[in-house]
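Reading through the structure tokens given below for one structure.
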Amino acid sequence: MERPMSKECLMYKEDFEEFLARLIEGHSIFCPSGEDISPGIKKVAGREQFALHRGPSHFSFKHYFLPQTERLFSFDMASNKIDASNGELDDNKLVVLIGLRPCDAMAIELLDQVFLQRGPEDVFYARRRRRTRIISFACSEPRTTCFCESVGCGPDAAASADMVIFALKDSYIVKTITQCGEELLNNTGMNLDGVSTEKLGEREQMINESRDRLEKVFTSEDLNGKIMDFEASYWKQICQKCLGCGICTYFCPTCHCFDIVDEVAGSKGRRIRSWDSCMYPLFTLHASGHNPRPTRKERMRQRIMHKFVYSMEQYGRRFCVGCGRCVIHCPVNLDLRLVIKEIAEGK
Amino acid sequence: MKRVESELITNVEELLEDKKIGFFMGYENGSLPLRTSPCFVKEKEDVQRLVWNCFCTNNLSVYLVSLIPELPAGTKVGILCKGCDSRSLVNLIVEKQLKREDVLIMGISCSGMINIDKLTGNLDGGRILEVEENEEEVILKLDTGEQRFSRKDSLYESCKNCTHPTPSVYDILIRVGEHAPKSVCPDPMIAKFRQKERLERWQIFERELSRCVRCYACRNACPNCYCKECFAEQTKPRWFGLSNELSDVLFYHLVRILHQAGRCVDCGACVRACPEKVDLRLFTRMLVDEVKERFDYEPGLSPNDSHLLGVFSTDDTQEFMVEVD
Amino acid sequence: MKHESNERTSFDKSKSFEPKIVAFLCNWCSYAGADLAGVSRFQYPANIRIIKVPCSGRINPLYIVKALYNGVDGVLVSGCHPGDCHYISGNYFARRKFALVKKFLEYVGIESERVQFSWVSAAEGVRFAQIIDKLTNEIRKLGPLTYFRKGSTCKGDQT
């Protein structure tokens, strides 16, 4: 995407509060809800509902663009009618996503490749995406599970963001990346100063510290060249601990596979699509009963090679942003970073 | 803990050397602080990776049913078993998924596993450098200082009410203190839940499970869930929808939990695996209590038991059946 | 304002509710009992939909949950009296399962009247009619089961 506009200005705490208040007033704002009873990406009604997480939020923003279950249309075979209206999507009001970390912003850039840029456009994704503006926050406190630098992202990457905010000690640097970001800032009617060199230094220090804190279990060099071999024997070793659950795929901000089914009762029904996971035995089960990926070995190989090899061939990008959610939640602590390292060392 | 670890390592070394086992399943340090990961040892030089501490939470019995057929015939598998893991394993023998002679059970009398969320919730971003534990406390050494946690208060709920901390069946036992079986039945949590109004019970059931993302980690972490084809994945017919609508989610959990009746050993593996921290034990444990009360049966205590629902008594009570005057 | 001529509108909503009840009846006793009730012209509510199964021991708890999910308001499973099972002991196995299913569904908050088990022999036409009468009345009082039916509860990702 082109980034013609890049402007930086400074906000103090009170400016930032004002900025948030004006944003909330004029737009639909979505942000990660706190670690409450039902985390998710939720619409914010007031300032108090916005809180910034340390590192990436519990769920990624995939939840917003690709809901776990989405009705495509409903039908009535008796009257031969199809209803494809969708109240949520027909609303073209601007939506602002706020509180993403750079990794999540990069994940959206990758999803754009799949659903917008290569091949046919996905209507549902496109409508949500086009009405959406993204405000990301540079990462000052990566978690022990973060490895964004190793996969070509980073604590200050802008990626799909229209605006990036750097939260310094007692102030904020707001950097508009795109025209849309610029407009968003202008529309709040805030009168803001430029950024002093002192503040720029503070930012540089913050980002450098952030970089230093990042784990480097493997480096981007480990991913160069032919990194994985479909026929290799190591897949059998790697998958040994895997339980075959769908946590890594469901929490991954870039995993986007889905299944489409018709739910019919009598003459009425609806067609829905729901997330699917390559870890599940049903994922590639053919109607004949044959399954080309019958065991965990093939399923795990698919997941890893899809992220690091097939996506390179297809989109020229690796579909991992290093957010570490799969590392955090894996019930047997099967760490993707170690898997990559093992493969890289074994080659 | 160091004594236990060295005892464990010596034992496994000897067993591998004497070819009494061809494979050993234990725990190694994980990639994250306060985590361990299952460790599969085939060669003697890998034995040193084995660890034992209060974070060895996985129930390793879950791997046995799929693993054993993959190994060369006649390979005996050694497995490190806490009390609950051994009961899962015994239940697999009872259900004829496993032969007793295929496994060598290295039992360890367990003092309970620590719920790391209870520790990491209070760290204020401090990084963990080192962990120590003794019988009373878990001590975290952070870059910001030291924090001590009472072991008793930080246990998993399933461990707090553990009835058999020492394995019910074992070939070798590593002792860590004395842990006699005790009866905590019914679980106070279940008794309390029973007293609530019907509507409130349903609302809690809904609220807990509304967090479910259908990742099936609860099923896959459970040693009892060994079905080659789970009802959730059957397509002829497909029993329920794929969506994350509450009715679909509840269907999955209701049937899965009912399928555990008389088999669940309350190891807590499902709760630990859940990324959304759904309190599944609030429901699975009810059946454990009900089975104990009604049939005086606890699964997993003896390989010679019969499966609770595979036998009957003509004296079984039937007060719940419809009667008309 | 009352429209006494129009009976339909003066009905209380709960009174006009007619529950749907699925009855899984074993081939050898309960189904024959239902048959006897029919040929003997015993009156009982027409709310049940009978599904004939070989034996009460054939019932998987999944079928009960599935019936509720598919939109019925109550489920009855009925088999031969203990000792009379055509397959010697199928109903004894069933009894253990049913005890746990019934207690568990009640525990999570499904009204216990909605899931019922009974023994009805081939000679008990009157008893069968009485049981259906009792069940239907109880479930009618409870009203429709709305909270578990497929599509009744939607979990949205966004609000």
Side-chain angles (χ1 to χ4, degrees), chain B residues 190 193-194 196-206 209-212 231 234 237 239-241 243-255 257-259 261-262 282-284 286-287 289-291 293-295 308-314 316-325, chain C residues 57 60-66 68-70 76-78 82-83 89-113 115-120 124 126-135 138 147-157:
Chain B
I190 303 300
F193 189 77
R194 275 183 202 274
K196 294 184 193 298
E197 292 290 318
R198 180 199 74 78
L199 190 63
E200 194 185 349
R201 294 202 302 273
W202 181 261
Q203 283 165 346
I204 294 174
F205 182 58
E206 276 193 344
L209 293 167
S210 66
R211 302 207 299 276
C212 173
F231 75 95
Q234 282 176 331
W239 296 103
F240 64 113
S243 79
N244 69 334
E245 282 173 10
L246 204 43
S247 52
D248 288 337
V249 173
L250 296 181
F251 188 104
Y252 161 68
H253 285 285
L254 276 178
V255 178
I257 295 170
L258 279 171
H259 199 177
L282 182 56
F283 311 106
T284 54
M286 178 272 175
L287 281 168
D289 286 358
E290 188 71 27
V291 163
E293 197 180 322
R294 194 172 270 273
F295 303 108
L308 177 81
L309 299 178
V311 290
F312 64 86
S313 157
T314 50
D316 286 338
T317 50
Q318 55 175 34
E319 86 299 338
F320 60 91
M321 311 262 316
V322 183
E323 267 320 320
V324 284
D325 330 305
Chain C
N60 183 335
L62 167 67
Y63 305 160
I64 298 168
V65 179
K66 170 77 171 164
L68 298 173
Y69 165 91
N70 267 17
L76 169 72
V77 185
S78 187
S89 53
N91 54 357
Y92 284 123
F93 289 109
R95 186 164 65 182
R96 286 204 153 182
K97 249 186 282 178
F98 294 168
L100 297 174
V101 170
K102 179 145 173 102
K103 292 292 161 187
F104 180 70
L105 293 181
E106 196 181 328
Y107 176 82
V108 299
I110 294 176
E111 295 97 335
S112 67
E113 292 87 346
V115 180
Q116 297 280 22
F117 304 97
S118 68
W119 306 135
V120 173
E124 291 177 320
V126 180
R127 180 177 153 87
F128 180 79
Q130 285 172 338
I131 285 175
I132 299 304
D133 202 42
K134 180 179 178 186
L135 237 70
E138 282 175 353
Y147 49 84
F148 179 54
R149 189 172 293 177
K150 167 71 182 165
S152 64
T153 44
C154 285
K155 178 193 175 191
D157 270 0

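Fair warning: this is a prediction, and the values are worked out from it, not measured in the lab. Chain letters run A, B, ... following the sequence lines, proteins first and then strands; every chain starts at 1.
Both the backbone and the side chain of B:T314 come within contact range of chain C, judged by heavy atoms closer than 4.5 Å. Residue B:F312 touches chain C through both its backbone and its side chain, counting heavy-atom pairs closer than 4.5 Å. In this structure, the portions of C:K97 lying under 4.5 Å from any heavy atom of chain B include both its backbone and its side chain. For C:L68, no part sits under 4.5 Å from any heavy atom of chain B, backbone or side chain. Heavy-atom distances place the side chain of B:F231, and not its backbone, under 4.5 Å from chain C. Of the atoms belonging to B:L199, not a single heavy atom falls under 4.5 Å from chain C. The contact between C:Y69 and chain B is made entirely by side chain atoms (from C-beta outward), counting heavy-atom distances below 4.5 Å. Heavy atoms of C:K103 lying under 4.5 Å from chain B belong to its backbone as well as its side chain. For chain C, the nearby parts of B:E323 are the backbone and the side chain; heavy atoms of each come within less than 4.5 Å. With a 4.5 Å cut-off on non-hydrogen atoms, C:Y63 touches chain B through its side chain but not through its backbone. When heavy atoms are compared at a cutoff of 4.5 Å, C:I64 does not approach chain B at all.
B:D316 is linked by a side chain to side chain donor-acceptor pair (under 3.5 Å) to C:R96, counting only residues two or more places apart in sequence or in another chain. Here C:F117 pairs with C:F98 under the ring pair (Phe, Tyr, Trp, His ring centres under 6.0 Å) rule; sequence neighbours left out.
Each of B:R194, B:Q203, B:R294, B:E200 has some count of heavy-atom pairs under 4.5 Å with chain C, and the biggest count is that of B:R294. Between chain B and the options C:A94, C:A99, C:S118, the largest number of non-hydrogen pairs under 4.5 Å is found for C:A99. Put simply, of C:L105, C:L100, C:V108, C:V101, the one with the most heavy-atom pairs under 4.5 Å next to chain B is C:V108. Among B:G310, B:A261, B:G262, the residue making the largest number of heavy-atom pairs under 4.5 Å with chain C is B:G310. Chain C forms more heavy-atom pairs under 4.5 Å with one residue of B:T317, B:I257, B:I204 than with any other, namely B:I257.
In this structure, the side chain of C:Y92 engages the main chain of C:G83 through a donor-acceptor pair within 3.5 Å. Side-chain atoms of B:R201 come within 3.5 Å of backbone N or O of C:E106 as a donor-acceptor pair.
The side-chain heavy atoms of C:Y107 and B:L282, taken from C-beta on, include a pair separated by under 4.5 Å.
A salt bridge links B:E245 and C:K150; the closest N-O separation between the charged side-chain nitrogens and carboxylate oxygens is under 4.0 Å. Between C:K102 and B:E290, no side-chain nitrogen of the basic residue sits less than 4.0 Å from a carboxylate oxygen of the acidic one, so the salt-bridge criterion is not met.
For the atom pair CG of C:N60 and NE2 of B:H259, the computed distance is 7.5 Å after rounding to the nearest 0.5 Å.
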(request) Please report the C-alpha distance between C:L62 and B:F251 in whole Å, then the side-chain angles of each, then the deciding distance to 0.1 Å, and finally whether the side-chain contact (heavy atoms from CB on, under 4.5 Å) criterion is met. (result) CA-CA 9 Å; C:L62 167 67; B:F251 188 104; 3.5 Å; yes
(message) Checking B:L250 against C:Y147 for the side-chain contact (heavy atoms from CB on, under 4.5 Å) test, could you report, in this order, the C-alpha distance in whole Å, the side-chain angles of both residues, the deciding distance, and whether it holds?
(response) CA-CA 11 Å; B:L250 296 181; C:Y147 49 84; over 6 Å; no
